[in-house]
Amino acid sequence: MQLARRIQAIPPYLFAEIDRKVAERRAEGVDVISFGVGDPDLPTPGFIVEELAKAAHDPSTHRYPSYYGLPAFRRAIAGFYRRRFGVELDPDTQVLPLLGSKEGIAHLPWAFVDPGDRVLVTEPGYPVYEVGAILAGGQPVHIPLRAEEAWFPAFERVGAAADGAKLLWLCYPSNPTGAVATLDQLQEAVRFAAAGDLLLAYDNAYSEITYDGFVAPSVLQAPGAMEVAVEFGSLSKIFNMTGWRIGWVVGSPVAIEALGRVKTNIDSGVFNAVQRAGVAALESGMPHLPELLATYRRRRDRIMEVFWEAGWKVDAPKGALYVWLPTPPGESSVQFTARLLDQAGVVVAPGTGYGPSGEGYIRLSLTIGDERLEEGCERVRKALVGGRA
Ligand code: PLP
């Protein structure tokens with residue numbers, strides 16, 4: 001048996017590795033506290049679960065869904081974009097439901113990338129942008145992001161790397177850095193994509209998860225975006241629905257049609273009952289959101305307090321579910337991650353899991369219950385003090 005070259009080029013998924021290490025420690029009897037994966041600990045709001053239960057009792061939902069999703073769900077997505085961003089979408093040509101946004105992110109290159117084509121991957125970033133490009137035979141080209149540029153690309157430095165590129169990936173509010181982008185910055189990205197004849201793939205999975213008064217824009221608010229961009233969205237983080245596998249892509253009708261063609265040949269869509277629950281979620285006015293954001297902000301502030309008191313001089317992130325912190329001088333991401341596991345029994349993600357520019361950083365997820373968070377913070381505090389003694 002011989003594996004394909006394309007699969008050999010793919011590193012093990014970061015969290016599969018972390019899970020393995022945690023399992024090892026737990027087997028040794030260590031009470032491990034994980035700040036690893038960004039998977040909301042809070043439950044899906046009750047009204048969405050009730051809608052699913054009702055829809056699941058309707059046998060018409062038990063058959064194959066339509067390939068392009070329920071018209072009512074596509075209309076609900078368009079309604080969300082109209083109310084939230086002032087963006088008008090044609091639910092038939094500019095909206096496509098996904099089995100979670102990860103699925104569409106991984107499949108998009110199949111519609112745009114021929115073997116050897118370049119894909120511009122901003123990093124540190126969500127690992128699936130790069131892996132999706134590799135699986136389609138493309139050649140990922142890193143666009144490094146830097147703290148001193150607020151983790152936004154300096155397009156003037158991209159230069160020849162963009163020649164012949166087919167796709168550019170951007171994500172704000174950002175996993176893993178927690179950075180946000182303004183509409184002016186997104187306009188810059190749209191201009192860059194239009195000038196280079198590439199598709200701008202914008203990942204807005206955390207659109208509603210922002211703090212300190214920042215309101216995240218949609219890339220589709222930028223003039224000209226509908227011709228050159230698609231935007232990925234998800235119910236996962238906004239409604240605590242990671243296990244339900246439902247998201248969407250909106251934007252350029254050409255791109256939506258092309259990705260739809262890939263998907264109709266691979267999957268058969270999202271369970272209709274889940275889509276009906278998705279309609280209830282998007283049309284709810286999101287009454288759960290203030291409390292959800294207050295919870296994450298409190299957790300963010302608690303973690304920041306520990307690091308600030310230990311001497312870290314960084315701002316709290318303005319978006320997403322993560323705190324992104326530099327490692328102590330002289331300690332690499334992997335070394336600091338290993339030390340926190342050894343000395344504190346605490347799991348964090350090494351920045352290098354998100355690309356080479358993540359070296360010198362770690363990521364802590366805010367999706368951990370308050371009691372465990374408190375215990376984890378106290379252990380980290382002791383490890384930081386010990387490390388400096
Ligand atoms: N995009 C980003 C930036 C993410 O961090 C994640 C999940 O962690 C996803 C997309 C995928 O989310 P889902 O497939 O659950 O919609």
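Counting convention: from 1, in listed order, for ligands and their atoms alike.
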Cys171: numbered ligand 1 atoms lying under 4.0 Å from its heavy atoms: 3 (C)

Geometric class of the Tyr354/Trp324 ring pair [parallel <30°, tilted 30-60°, perpendicular >60°]: perpendicular

Test of proximity, Ser236 against ligand 1: N or O pairs below 3.5 Å: yes

Contact check, Gly38 vs ligand 1, heavy-atom distance below 4.0 Å: no

Side-chain donor-acceptor contact under 3.5 Å, Asp39 with Thr242: yes

Test of proximity, Ser101 against ligand 1: N or O pairs below 3.5 Å: yes

Those atoms of ligand 1 less than 4.0 Å from some heavy atom in Asn175: 3 (C), 4 (C), 5 (O)

contact_flag Ile105 ligand 1 heavy-atom lt 4.0 Å: yes

Ring center gap for Tyr322 and Tyr206 short of 6.0 angstrom: yes

Cation-pi geometry met for Arg300 and Tyr211 (6.0 Å, 45°): yes

Any N or O of Arg245 closer than 3.5 Å to N or O of ligand 1: yes

Whether Tyr81 and Phe85 hold their rings parallel, tilted or perpendicular, with breakpoints at 30° and 60°: tilted

Selection residues 258-279 - residue pairs positive for salt bridge (charged side-chain N to carboxylate O under 4.0 Å, His left out), sequence neighbours left out: Asp58-Arg276, Glu103-Lys263, Glu257-Arg261, Lys263-Asp267

Any side-chain donor near an acceptor of the partner, Ser101 and Trp248, under 3.5 Å: no

Glu103 and ligand 1 - part of the residue with a heavy-atom distance under 4.0 Å: neither

Set of residues satisfying side-chain contact (heavy atoms from CB on, under 4.5 Å) with respect to Glu375, sequence neighbours excluded: Ile33, Arg379

Sub-4.0 Å heavy-atom approach of Ser234 to ligand 1: yes

Region of Phe232 engaging ligand 1 - heavy atom pairs below 4.0 Å: neither

Numbered atoms and elements of ligand 1 in range of Lys102, under 4.0 angstrom, heavy atoms: 11 (C), 13 (P), 14 (O)

Aromatic ring pairing Tyr361/Trp151, orientation class (parallel under 30°, perpendicular over 60°, tilted between): perpendicular

Glu123 side chain to Ser357 side chain, donor-acceptor N/O pair below 3.5 angstrom: yes

Proximal atoms of ligand 1 relative to Lys237 (non-hydrogen, under 4.0 Å): 7 (C), 8 (O)

Under 3.5 Å: N/O of Tyr206 near N/O of ligand 1: yes

Any N or O of Thr242 closer than 3.5 Å to N or O of ligand 1: no

contact_flag Met241 ligand 1 heavy-atom lt 4.0 Å: no

Interfacing atoms of ligand 1 (cut-off 4.0 Å, heavy-atom, Gly100): 14 (O), 16 (O)

